[in-house]
Each structure stands twice: as C-alpha cells, then as structure tokens.
Amino acid sequence: ISGAGVLRGMRRLFPVSLFVVAFGIAFGVAAVEHGLSPLQAVIMSALVFTATAQFAALDFLSEPIAFLSLALVVLSLSSRHIVLGAALAKTVYRLPLMHRFAVLSLLSDANFADAQSGQKPGEADAAALLGGGLMLWLAWVSSTAIGAFGGDTVVDPEAAGFGAVMICFFAATVVGRLRTSPDLALAVVLAATISALTQPWLPMGWNILLAACVGGYIATWSKHD
C-alpha cells in the first residue's frame, strides 16, 4: 500500500465525507441524549465506525439493556460486510497482516465502491480503499465529537429535528437501495409490515430481527427466482 495511493483515496472520498458530517453531529447529540457521555460517544464512533448499527444501538441503551437483542440487531445490520469482505478477498489476502486489519477496519459501502471503480473483476485498489476509509472515519469521529461535546451550543437538537434523524437515515438508505435494485420492493414492504405488526408483543428489537430475516429470505428468493 503506497502513501500516494492512500492520499488518492482520501481525495476521492473527501466530497462524500462532507455529507457524513451532518449524520456524525446528529449521532453525537443523540448518543448523549440516550445516556452516553460525550467521551463514550466519540470512542464508540472511533471503534465501531458504522453509522447504521450505532444509531440502532442507541435504542437498546435504556435499563435494563437487552444485550442479546442489541448484538443480534447490530449483527444483522452489519452482515453485508461479509459479502464485501468476500468480494475483497483476492485483494486483501495479498497484503501483510497489519495492512489487512487496517483496510478492513475502515471498510464501508462508499470506499468499497470507490476502490472497485476502474479495477478488474475481483480486484480493488487497496491503497484507495484504506485512504477513502480513513477520510470517512476522520469525518465521522470528528463530527461525532462536535455533536457530543457541543451539540447544545452548535444547534438546538429539538429545533433541528435530530429526533427524526434515525428514521430519515434508514429511510434514505432503503430508498437509495431500491433505486438501484427495484426488485427488492416486495422484501422491503413485507419487512416493514412485519416489524410494525409484531412490535407490540415481541421483546425489544426482536420485531426488527424477525422482519430482517423474512426480508432477507424474500430478497434472496427473488434474486434466484
């Protein structure tokens, strides 16, 4: 992995990182409102580095903490990394062990797509992958710190509507995926319906797990139909 390649990846993902800032600030504010200290919120973003799972985890932090539900929800939301890792196997396997850890710990949808552009099938630009991930990580952690330590002074969370950020974030993710894969519409509708109908009588988070399992099965079945 060359330094020039890392810088190239950072430059290419810089425009994307600007969009990350708003979500990072929102997460920092939301994390503190859910009981985390500002330092804990920043450490969480630095070590976990997955906006989707971090936002989802906040709902499980109230006492008593449903650890099993939390773990399963985070696993289901992050399971796509298994596919991303498999797609990168040829590229990453050639790297020294520490370089592999560095690249994969900063893996996200955005730098994965960028590193694949212009490469041969089954290959990726490992340096750009690392640089792009580093750029996104820096933006995510620093903006989380802004929201966690200065959220009340930077912006009024209620006036800015940060309470709806999580809903908007997931909705935007789903809509964006449907634009590229409209055949997933049935899976999305069924999953949303199941989650809403079973929420009153299933333990916290299990309605989401059930919906994710059904939606995932329907999506897989439709791909192979």
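Quantities reported herein were computed from a predicted structural model and do not represent experimental measurements. Hydrogens, waters and symmetry mates are skipped; everything else that's a heavy atom, side chains included, is used.
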Do you know which two heavy atoms are closest between [X] and [Y], and how far apart they sit?
| X | Y | answer |
| --- | --- | --- |
| Pro15 | Arg11 | CD-O, 3.6 Å |
| Ser143 | Ala139 | OG-O, 2.6 Å |
| Leu58 | His34 | O-CD2, 3.1 Å |
| Gln40 | Gly35 | OE1-O, 4.5 Å |
| Thr91 | Ala126 | CG2-CB, 3.9 Å |
| Gly147 | Val29 | O-CG2, 3.4 Å |

Handout entry: Fellow cluster residues of Ile43, listed by chain then number, with links counted only when side-chain atoms sit under 4.5 Å apart
Key =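 Reading the cluster by chain and number, Ile43 sits alongside Leu39, Leu47.
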Exercise for the section: Hydrophobic side-chain clustering at under 4.5 Å (ILVMFWY, transitive links): who's grouped with Met98? Put none if nobody. Expected result: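 Joined to Met98, directly or through intermediates: Leu97, Phe101.
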Linking I/L/V/M/F/W/Y whenever any side-chain heavy atoms sit under 4.5 Å apart, do [X] and [Y] land together?
| X | Y | answer |
| --- | --- | --- |
| Leu13 | Leu18 | yes |
| Leu68 | Val74 | yes |
| Phe19 | Val21 | no |

Between atom [atom1] of [X] and atom [atom2] of [Y], what is the distance when rounded to the nearest 0.5 Å?
| X | Y | atom1 | atom2 | value |
| --- | --- | --- | --- | --- |
| Ile25 | Ile146 | CD1 | CD1 | 5.0 Å |
| His99 | Leu104 | NE2 | CG | 12.5 Å |
| Trp137 | Ser142 | CH2 | OG | 9.0 Å |
| Leu106 | Leu136 | CG | CG | 9.0 Å |
| Ser17 | Asn111 | OG | CG | 12.0 Å |
| Leu138 | Phe14 | CG | CZ | 11.0 Å |

Practice task
Check whether more than 12 heavy atoms from other residues, nucleotides or ligands sit under 6.0 Å from atom CZ of Phe49, and answer yes or no.
Solution key: yes
So, does [X] use its side chain to make a donor-acceptor pair with the main chain of [Y] at under 3.5 Å?
| X | Y | answer |
| --- | --- | --- |
| Arg100 | Leu95 | yes |
| Glu33 | Ala30 | no |
| Ser45 | Val42 | no |
| Gln54 | Thr50 | yes |

Problem - Trp140 ring center near Phe23 ring center (under 6.0 Å) - result: no
Exercise for the section: Would you sort out whether Met44 and Thr144 count as a side-chain contact (heavy atoms from CB on, under 4.5 Å), showing the intermediate values? Expected result: CA-CA 9 Å; Met44 183 181 185; Thr144 296; over 6 Å; no
Problem - Side-chain heavy-atom pair Leu88, Leu107 within 4.5 angstrom cut-off - result: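 Yes, side chains in contact.
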Problem - Heavy-atom side-chain contact between Pro38 and Val32 under 4.5 Å - result: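 Side chain of Pro38 against side chain of Val32, heavy atoms only: contact under 4.5 Å found.
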